[in-house]
Amino acid sequence: MNMSFSHDMDDEYEKFIRRMNPPRVVIDNESCKNATVIRVDSANRHGILLEVVQILTDINLIITKAYISSDGNWFMDVFNVTDQDGNKILDEGILDYIRKSLGPESCFMPSIRSVGVKQSMDHTAIELTGSDRSGLLSEVSAVLRHLKCNVVNAEVWTHNTRAAAVMQVTDEETETAITDPERLSRIKSLLCNVLKGSNKSSLAKTVVSHSVTHTERRLHQMMFADRDYERTGGDVLDDRQRPNVDVVNWHDKDYSVVTIRCKDRPKLLFDTVCTLTDMDYVVFHANIDTLGPDSYQEYYIRHLDGSPVKSDAERQRVTQCLEAAIERRVSEGLKLELCTTDRVGLLSDVTRIFRENSLTVTRAEVTTKAGKAVNTFYVRDASGYPVDVKTIDSIRQVLGQTILKVKGNPDDSKPLSQESPTRFLFGGLFKSKSFVNFSLVRSYS
């Protein structure tokens with residue numbers, strides 16, 4: 001059978017199922033005193049949990065609790081959410097967006113839920129992966145400036161000696177996407193040389209395209225493909241700092257049960273669900289709970305073919321990949337926010353100043369809109385020492401006092417409470433004598 005014809009048939013069947021069983025969204029601001037409760041009922045398919053979580057995360061909602069059940073052909077999600085300040089969601093514009101994005105209208109809207117690829121003529125997308133080193137973002141930015149590319153949006157992650165970036169650039173003069181094949185080839189070649197550095201490693205990779213993806217999901221995929229989950233001697237996290245991830249098989253029900261215990265933070269649920277989905281696991285049941293600084297996640301998963309985790313090697317890989325997914329967004333160091341009028345070469349100038357002051361960037365978010373640049377950098381001293389206040393003062397003098405804000409260390413460690421080290425949120429529902437107890441091997445502090 002022609003593969004495209006088969007895919008088209010699958011799409012039409014899915015559309016038919018959705019028309020017969022349109023998704024239903026109920027938003028409740030009454031039953032819970034400190035959160036808005038969102039319930040989503042829908043026909044079930046692989047990846048739908050990620051799509052729902054992604055929509056809620058993309059509008060900066062904090063998910064404090066969640067209950068997921070998708071046995072059979074129906075999918076049910078219940079989320080307790082707040083805004084960034086811990087308040088209920090009362091803005092009618094946001095509530096209406098949630099209804100449209102997750103409800104019946106989403107069947108007929110443009111692919112608002114898509115995390116796939118589409119064409120864009122507004123900018124050129126550049127994806128970079130390679131070994132991390134001090135000053136790397138400064139070097140990349142300098143090359144782009146030299147090639148007359150203006151960075152309009154970018155996100156950079158580093159983890160476990162690896163670095164990944166998704167950057168959107170335009171032509172400096174026309175402010176449109178760069179389409180000339182020879183120029184694109186030169187951009188790709190020069191950036192790849194920067195990523196390889198002095199060791200000329202074959203592991204550096206540069207992709208240039210006109211496609212649009214969900215940036216954070218793409219970064220997870222890129223770092224996963226780059227095997228950043230494999231521990232190295234230079235890994236800075238010790239056992240006490242790592243999230244606790246445990247994977248056991250529940251043989252009576254043919255589930256693998258994943259429990260995660262770590263420090264809570266925004267977008268944590270997206271990061272773990274994203275990784276499970278991209279590893280081709282299906283979440284049948286899950287419970288998420290946040291108590292104070294701690295987050296507890298419990299997933300009942302199977303492969304797409306219906307089988308649980310099959311070996312100790314696979315169990316270890318699931319554990320390592322989830323640890324990496326959680327750690328990638330944990331930024332060690334000082335958070336700096338730069339707000340100023342956008343101009344060509346701004347990112348290159350700022351990162352050069354950081355480099356000249358012996359600061360290395362561990363994560364970065366660069367956005368521009370309506371002529372304004374809002375850039376967030378997580379930096380640390382290149383020698384491993386705490387960032388000196390005098391260094392920040394020196395940078396401020398160059399950049400201007402009004403545009404650089406210091407947000408302090410976002411990840412000051414606090415010991416987790418030791419109460420109830422493992423919480424079986426489905427315990428009453430799925431009691432079984434053969435169910436293996438979990439044990440805590442590590443704590444995350």
Side-chain angles (χ1 to χ4, degrees), residues 46-51 53-54 57-58 114-117 125-132 136 154-167 192 195 201-209 211-232 234-237 242-247 256 258 260 262 265-283 286 297 299 301-305 309-332 362-365 444:
H46 182 54
I48 188 172
L49 173 60
L50 175 58
E51 292 179 1
V53 171
Q54 178 179 302
T57 302
D58 283 351
S114 173
V115 287
V117 174
I126 300 176
E127 296 180 356
L128 309 168
T129 52
S131 297
D132 185 30
L136 179 60
E155 190 147 355
V156 182
W157 289 0
T158 63
H159 176 249
N160 199 16
T161 75
R162 310 303 300 165
V166 176
M167 313 181 88
C192 212
L195 288 168
S201 167
S202 61
L203 298 178
K205 185 177 180 182
T206 306
V207 176
V208 180
S209 70
S211 59
V212 176
T213 62
H214 187 273
T215 300
E216 292 172 337
R217 183 175 187 195
R218 189 70 193 115
L219 284 165
H220 276 302
Q221 292 172 331
M222 291 162 61
M223 298 204 88
F224 173 74
D226 204 33
R227 306 176 74 90
D228 75 313
Y229 52 85
E230 294 180 344
R231 298 288 173 187
T232 66
D235 186 8
V236 298
L237 288 179
R242 289 180 190 160
N244 179 270
V245 181
D246 202 11
V247 183
S256 291
V258 178
I260 300 171
C262 65
R265 60 166 175 77
K267 302 189 178 184
L268 179 62
L269 182 60
F270 170 82
D271 294 339
T272 53
V273 171
C274 182
T275 299
L276 289 171
T277 303
D278 285 337
M279 292 180 73
D280 288 331
Y281 292 105
V282 179
V283 176
Q297 301 185 8
Y299 299 98
I301 65 171
R302 293 179 187 146
H303 283 283
L304 282 173
D305 65 7
V309 172
K310 298 172 182 176
S311 66
D312 286 340
E314 183 185 352
R315 182 177 292 107
Q316 182 180 11
R317 186 167 181 263
V318 172
T319 300
Q320 289 179 331
C321 289
L322 286 171
E323 287 176 347
I326 294 166
E327 292 168 0
R328 286 171 194 145
R329 210 190 290 266
V330 175
S331 303
E332 298 183 347
T362 60
R363 187 157 68 90
E365 298 172 21
Y444 183 44

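Since this is a predicted model, take the numbers as computed values, not measurements.
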* Consider only side-chain N and O atoms of Q320 and R317, and report whether a donor and an acceptor are under 3.5 Å apart. => no
* To do: Please examine the side chains of L304 and V282, heavy atoms only from C-beta on, and report whether any two atoms are closer than 4.5 Å.
  => yes
* Keeping the roles fixed (side chain from N160, backbone from E230), state whether a donor-acceptor pair exists under 3.5 Å. => yes
* Between S256 and R302, does any side-chain donor sit less than 3.5 Å from a side-chain acceptor? -> no
* Of all the heavy-atom pairs spanning T277 and G47, show the shortest one and how long it is. => CG2-CA, 4.2 Å
* Asked: Taking atom OG1 of T129 and atom CG of D228, what is their separation to the nearest 0.5 Å?
  -> 10.5 Å
* To do: Would you check if the side chain of R162 reaches a backbone N or O of Y229 as a donor-acceptor pair within less than 3.5 Å?
  => no
* Structure fact -> For V245 and T319, the nearest pair of non-hydrogen atoms, with its separation, is O-CG2, 3.7 Å
* How far apart are the C-alpha atoms of W157 and R329, what are their side-chain angles, what is the distance that settles it, and do they pass the side chain to side chain contact (heavy atoms under 4.5 Å, CB included) test? -> CA-CA 7 Å; W157 289 0; R329 210 190 290 266; 3.9 Å; yes
* Structure fact -> The reported gap from SG in C274 to CZ in R218 (rounded to nearest 0.5 angstrom) is 10.5 Å
* **D278 side chain reached by R217 side chain, heavy atoms, under 4.5 Å** => yes
* Distance-minimising heavy-atom pair for P243 and C262 -> CB-CB, 3.6 Å
* Taking every non-hydrogen atom, the tightest pair across S131 and L136 -> O-CD2, 3.7 Å
* Asked: When rounded to the nearest 0.5 angstrom, what is the spacing between OG1 in T275 and CD1 in I326?
  -> 8.5 Å
* Asked: Under a 4.0 Å N-O cut-off, is there an ion pair linking R328 with D271?
  -> no
* Rounded distance (nearest 0.5 Å) linking atom CE of M167 with atom OG1 of T215 -> 11.5 Å
* Asked: How would you list, by chain and number, every residue that makes a ring-ring contact (aromatic ring centres under 6.0 Å, His included) with H46, sequence neighbours excluded?
  -> none
* Asked: Would you say the side chain of Y299 lies within less than 4.5 Å of the side chain of L276, judging by non-hydrogen atoms?
  -> yes
* Sidechain-backbone polar pair: T57 side chain, K267 backbone, donor-acceptor under 3.5 Å -> no
* Asked: Do the charged groups of K205 and D226 touch, with an N to O distance under 4.0 Å?
  -> no
* To do: Kindly compute the distance separating OG1 (T206) from CD1 (I126), expressed to the nearest 0.5 Å.
  => 8.5 Å
* Which pair of heavy atoms, one from H220 and one from A325, lies closest together, and at what distance? -> CE1-O, 3.6 Å
* Asked: In Å and rounded to the nearest 0.5 Å, what is the CZ to CD distance from R242 to E323?
  -> 6.0 Å
* Asked: Side-chain contact, heavy-atom cut-off 4.5 Å: M222 with V207?
  -> no
* Please assess Y281 against V318 for the test side chain to side chain contact (heavy atoms under 4.5 Å, CB included), listing each intermediate value before the final yes or no. => CA-CA 10 Å; Y281 292 105; V318 172; 3.3 Å; yes
* Asked: Mind checking whether E127 and Q221 have side chains closer than 4.5 Å, heavy atoms only?
  -> no
* Asked: Heavy-atom distance under 4.5 Å between the side chains of D58 and H214, does that happen here?
  -> yes
